[in-house]
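Note on naming: letters A, B, ... go to the chains in the order of the sequence lines (proteins, then strands), and numbering restarts at 1 for each one.
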There are 2 protein chains.
Amino acid sequence: MVIDATAPTPRRRTAAPIVRSRPLHEEVVDRLRDMIIEGDIPVGERLHENNLAETLNVSRTPLREALKLLANEGLVDLLPGRGARVSALSAEKVGELFEVVSGIERLAAELAATRMTARDLERLKRMHDKMAAHFAAGERHEYFALNHQIHVAIVVAAKNETLASTHAALMVKARRGRYTALASEERWKEAMAEHEALMEALARRDAKRAGDILFEHDRRTAETTKEMLEKTKRAG
Amino acid sequence: MVIDATAPTPRRRTAAPIVRSRPLHEEVVDRLRDMIIEGDIPVGERLHENNLAETLNVSRTPLREALKLLANEGLVDLLPGRGARVSALSAEKVGELFEVVSGIERLAAELAATRMTARDLERLKRMHDKMAAHFAAGERHEYFALNHQIHVAIVVAAKNETLASTHAALMVKARRGRYTALASEERWKEAMAEHEALMEALARRDAKRAGDILFEHDRRTAETTKEMLEKTKRAG
DNA sequence: TCTGTGCATTTTGCATGCAAAGCGTCAACG
DNA sequence: CGTTGACGCTTTGCATGCAAAATGCACAGA
């Protein structure tokens, strides 16, 4: 594209002062990640550097840096010489993801049981009670949000940043496609009971039991999710 | 360093056909990662884009892409507007790393116990016997190499690629600075006995026991390593 | 109609240019 | 003697240019 002097291209951003607090490529990573997770960019979609750069109003350089990072995260596949596309997330991959998460969260629960502060426990209890209320009211969406927050809070209470960031990285992928659903009322009730037991174990600071409960809880959630996915696949 | 016009710069690579199988930035990531892990680039060292690009014989673009990826891996810190430097690896971080690895490997052992093929088990046994021989001969270096291979092999035998790549990513950081040492003959003997027990549990396909043994083994290794690190720090 | 080959276009991958932000230095001032 | 601020060099961050590779398409031959 040759720049026409008579119609100065609006995407020439050099003029704007670089008073950006964050580097542009980070911005782009976040925006693209959101778009992929939210499904705004469908799976398999080709990511043209020129088009995308124009859409996002950045030049190809930061965009390329962002694509590389997303490829590293596993959200896009980079075919050498043939561009990038949104990576497919197979049922198997999702199963693997949940499996690893269950391992991480088991450890997190064990560590949290011994390391969390009284404040951490209070906070967990408050979230748990709120979630229980949403459960009682049958408010699925709110329940899900809090459920996720609780899982994250337990990981954080384990006081291990590496554990937390590893967990977060996995969750980004796991949450793609909104695989957060309960197959049945039955399973929902069960899950709620498991959370109940987990809270109790944490309150007693029973590391082993808390770990086992969360591990088993995650395993069942994974099971349910896999069933749902396979049902959806057969249906679709 | 100014390039002398009388000696045409050899780093002008545009002329060379792009018959590279791998993209240049990957090459650069691997080379830099090795250099950092091997300690060729000391911790805290500033990574100048111009200098490094010249040293590695690439232009700044692929180098910048590589630096971003390494930052993502946690090997370098990217100070916005102020370049990149090799990240420090504190004793705490190493402790965290080992902790997460122990969680991953516990799950791996459990899964491997149920999923590994007869071939996998055979292979593990061979490696284990070889390692035992190195132990008997007092060959630490060879012992370490095989020890690492066995841990990796168990993770692979778990048949979960996500687990394997998560583990690999953590190990890259954990192995930085050669934190692979045994504090004492005593601990070495103990570790060998733990491996012995682990192999037995795996052979019996006792998932729970295999997981517990490896978890405990990793915890103790971490403990020993932390002690060593602190001793080194005090000494240095 | 199907398949293979050559050309034109598109798109990637890398190099380089350029403006702004960082950083050190040194001098003027309190 | 210490502090501050202006100036210039250095380095980063981004935009853009350009060559090679990939892709699509037309067309010829089977």
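The CD-P distance, from A/Glu26 to D/dT12, rounds to 16 Å in whole Å. Between the CZ atom of A/Arg22 and the P atom of D/dC14 there is a distance of 11 Å, given to the nearest Å. Rounded to whole angstrom, the span from the CG atom of A/Asn57 across to the P atom of D/dT16 amounts to 11 Å. Put simply, CG on A/Leu56 is 11 Å from P on D/dA15, counting in whole angstrom units. Rounded to an integer number of Å, the gap from CD of A/Glu27 to P of D/dG13 is 15 Å. In this structure, CZ of A/Arg85 is placed 13 Å from C1' of D/dT23, rounded to the nearest angstrom. One interatomic measurement links the two molecules: CG of A/Leu24 to P of D/dT16, which rounds to 13 Å at whole-angstrom precision. Rounded to an integer number of Å, the gap from CD of B/Glu65 to P of C/dG13 is 9 Å.
A/Glu92 CD to A/Lys226 NZ: the interatomic distance, rounded to the nearest 0.5 Å, is 9.0 Å.
For A/His134, the ring-ring contact (aromatic ring centres under 6.0 Å, His included) criterion is met by no residue, not counting sequence neighbours. Taking A/Arg115 as the reference, B/Glu99 meet the salt bridge (Lys or Arg N to Asp or Glu O under 4.0 Å) condition, with sequence neighbours excluded. In terms of the salt bridge (Lys or Arg N to Asp or Glu O under 4.0 Å) criterion, B/Asp40 has no residue partners (sequence neighbours excluded). Shown here are the salt bridge (Lys or Arg N to Asp or Glu O under 4.0 Å) partners of A/Asp218, two or more places apart in sequence or in another chain: there are none. Under the rule for a salt bridge (Lys or Arg N to Asp or Glu O under 4.0 Å), the partners of B/Glu49 that lie at least two apart in sequence or sit in another chain are B/Arg60, B/Arg64.
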Which pairs, protein N/O on one side and nucleotides 10-12 of chain C N/O on the other, fall under 3.5 Å?
{"residue": "C/dT11", "atom": "OP1", "partner": "A/His48", "partner atom": "ND1", "Å": "3.2"}
{"residue": "C/dT12", "atom": "OP2", "partner": "A/Glu49", "partner atom": "N", "Å": "3.4"}

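Applying the 4.0 Å criterion to OP1 and OP2 of D/dC14, one finds that A/Thr61 has every side-chain N and O outside that range.
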